[in-house]
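Every chain is numbered from 1 and lettered A, B, ... according to where its sequence line falls, protein lines coming before strand lines. These numbers come from the heavy atoms of this one structure, side chains and all, not from hydrogens, waters or symmetry mates.
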2 protein chains.
Amino acid sequence: MPKAQRMAQMLTVAEEIFAEQGYLATSMDEIAERVGVSKPMLYEYFGSKEGLLIGCIHRARTELREKTAAAIAGATSPEEFLRLGLLAFFEFIDEHRRSWALLRQEAAVAVPSAQEEVEGIRQQQTDMIGAVLASFSPDIDPLEAEAFAEIVVGATERLAVWTERRPKVGPALATEYVMAVIWPGVADRLKKLPAPAPHAWR
Amino acid sequence: MPKAQRMAQMLTVAEEIFAEQGYLATSMDEIAERVGVSKPMLYEYFGSKEGLLIGCIHRARTELREKTAAAIAGATSPEEFLRLGLLAFFEFIDEHRRSWALLRQEAAVAVPSAQEEVEGIRQQQTDMIGAVLASFSPDIDPLEAEAFAEIVVGATERLAVWTERRPKVGPALATEYVMAVIWPGVADRLKKLPAPAPHAWR
DNA sequence: GCTCGTAACTTACTTCGAGTAACCTACTGC
DNA sequence: GCAGTAGGTTACTCGAAGTAAGTTACGAGC
């Protein structure tokens, strides 16, 4: 089997087993066996167990970025922008329930560089939010914009984990919940800056 | 040295080394050596490496619960309640910078029971928020209340991680950021429902 | 002042899994 | 038909989790 194809297969199998049993409880021998190949092949292509995990995360990250970018492409207001971005995120999670737990939870643990990959996902998200804030309200304090973006990402991520325990809450409702809590506050801040709002500073 | 004292010492050392190097990169021999005791003693008192980690998390959780409970004791409005709770949380993080990363990130380890301990911390937080919402607005949809609580906890946790990279953002400012984003949305929801007579409930 | 019981501790293993060295084989281009 | 290489394997090393069995410190009861 050609290299690229074999690598993709390995990632798929690894993601599945990691999600099933957890990163620590999974041995490279086991993954190799389920792929139908010997352990050194995994090392040939991914260098280490950690490398394999990072490969999984990286692939998910790429897919998430593409979906989000496509989703927000047509947005015309900050509210629409946020709503579409959140929806894309929750839909992604919904489609990847199993691997999501892995990527979000396991990766943190394991290894500093896997940690970086996960941070990369968050960076995508915060960058996106930061871009909304900055584009619609260029004078916002950069530190505050960053904090807002982190808050939105944190809220969203946490709610994504929560929806796993509440299967009846689908992507649309999850999006509404997040918007209901954060949008008034974000809108408030956006209004205040460009044209000083009626009620100035609390 | 008596058992209780030795256990406390072990937890302190373990927390420190885990935070320094990460859970995986730390060996039990290393912890034992730094405690000044042999490895089987660690197993005698904590059963496993995982057990030791859980011990660390559990201790932190207890401390956080006590501090938060003390902080919110005198609150009279939902806003004050939230603000004091958040402040207590950020102050706790500020005092435990080293071990914080460990407890939140590392603990997500494949080991389910460590994961549960960390979820226990979050449960404390969401319960607290849920209690505010329910006490000030008893007719709120329980599912929505739960979602709101998760959102607030997620936002807070994420901002706590962020402040580690922004040392100039202290607990007070972090609290303000979170309140600025979430309070308008939460207040909005509380207002929408039939206002309870202040004294008539419970 | 001895000895019994137990709490606190150690040495010396076993076991398991990550990572590696060295070797094999089938196909492709020439 | 031979050389080079992509794709693969077997059989190891080594480090760290976990354990079995034994050792010392010491207070209580006689």
Side-chain angles (χ1 to χ4, degrees), chain A residues 1-58 102 106-117, chain B residues 1-57 102 106-115 117:
Chain A
M1 191 180 292
K3 179 169 174 177
Q5 196 179 335
R6 184 65 90 192
M7 283 181 84
Q9 183 201 10
M10 286 170 173
L11 287 177
T12 302
V13 171
E15 198 174 291
E16 197 177 311
I17 308 191
F18 282 153
E20 250 170 47
Q21 315 184 343
Y23 176 78
L24 281 184
T26 302
S27 77
M28 291 296 268
D29 281 305
E30 192 179 349
I31 297 173
E33 194 187 348
R34 220 141 109 182
V35 171
V37 94
S38 69
K39 189 167 59 168
M41 286 307 296
L42 293 174
Y43 284 91
E44 173 71 20
Y45 291 157
F46 293 98
S48 66
K49 191 181 180 184
E50 181 186 333
L52 185 56
L53 177 63
I54 291 174
C56 293
I57 300 168
H58 196 81
L102 157 74
E106 309 286 330
V109 173
V111 247
S113 35
Q115 180 66 4
E116 279 166 31
E117 271 300 319
Chain B
M1 190 182 294
K3 180 169 173 177
Q5 196 179 333
R6 183 64 91 192
M7 282 180 85
Q9 183 201 9
M10 286 170 173
L11 287 177
T12 302
V13 171
E15 195 174 295
E16 196 177 313
I17 308 192
F18 283 153
E20 250 170 48
Q21 313 182 345
Y23 176 77
L24 281 184
T26 302
S27 78
M28 292 294 267
D29 280 307
E30 192 180 349
I31 296 173
E33 195 188 349
R34 223 143 107 181
V35 171
V37 94
S38 69
K39 189 169 57 168
M41 286 307 296
L42 293 174
Y43 284 90
E44 173 70 21
Y45 291 158
F46 294 98
S48 66
K49 191 181 179 183
E50 178 187 335
L52 186 56
L53 177 64
I54 291 173
C56 292
I57 300 168
L102 156 74
E106 306 283 331
V109 144
V111 271
S113 34
Q115 183 62 13
E117 270 300 317

Between protein and nucleotides 18-28 of chain C, map the contacts as a letter string: B base, S sugar-phosphate only, - none, heavy atoms under 4.0 Å, written 5' to 3'. BBBB-------
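A search for side chain to side chain donor-acceptor pair (under 3.5 Å) contacts involving E33(B) returns nothing, not counting sequence neighbours. The side-chain contact (heavy atoms from CB on, under 4.5 Å) search around S48(A) returns E50(A), not counting sequence neighbours.
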Which is it for I54(B) and F46(B) under the side chain to side chain contact (heavy atoms under 4.5 Å, CB included) test, yes or no, and what are the steps along the way? CA-CA 9 Å; I54(B) 291 173; F46(B) 294 98; over 6 Å; no
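Separating the CZ atom of F18(A) from the P atom of dG17(C) is a distance of 14 Å, rounded to the nearest angstrom.
Taking both residues in full, the closest heavy atoms of I17(A) and I31(A) are given as CD1-CA, 4.0 Å, listed atom of the first, atom of the second, then distance.
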Please list, for nucleotides 6-8 of chain C, all pairs of protein and nucleotide N/O atoms separated by less than 3.5 Å.
residue	atom	partner	partner atom	Å
dA8(C)	OP1	K3(B)	N	2.9

Pairs of donor and acceptor atoms involving the side chains of residues 2-10 of chain B, under 3.5 Å and at least two apart or interchain, shall be tabulated with distances.
residue	atom	partner	partner atom	Å
R6(B)	NH1	Q9(B)	OE1	2.8
Q9(B)	NE2	V35(B)	O	3.3

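Salt-bridge formation is not detected for the pair E30(A)/K39(A): no Lys NZ or Arg NE/NH1/NH2 atom is positioned less than 4.0 Å from an Asp or Glu carboxylate oxygen.
In this structure, the side chains of F18(A) and V13(A) stay at 4.5 Å or more apart for every pair of heavy atoms. Residues Y45(A) and L52(A) are not in side-chain contact: their nearest non-hydrogen atoms beyond the backbone lie 4.5 Å or more apart.
At least one donor-acceptor pair closer than 3.5 Å links the side chain of K49(B) to the backbone N or O of T26(B).
Contacts between chain A and DNA chain D, taken as any atom within less than 4.0 angstrom of a protein heavy atom, begin and end at dG7(D) to dT10(D).
To the nearest 0.5 Å, the span separating OG on S38(B) from CE on M28(B) amounts to 11.0 Å.
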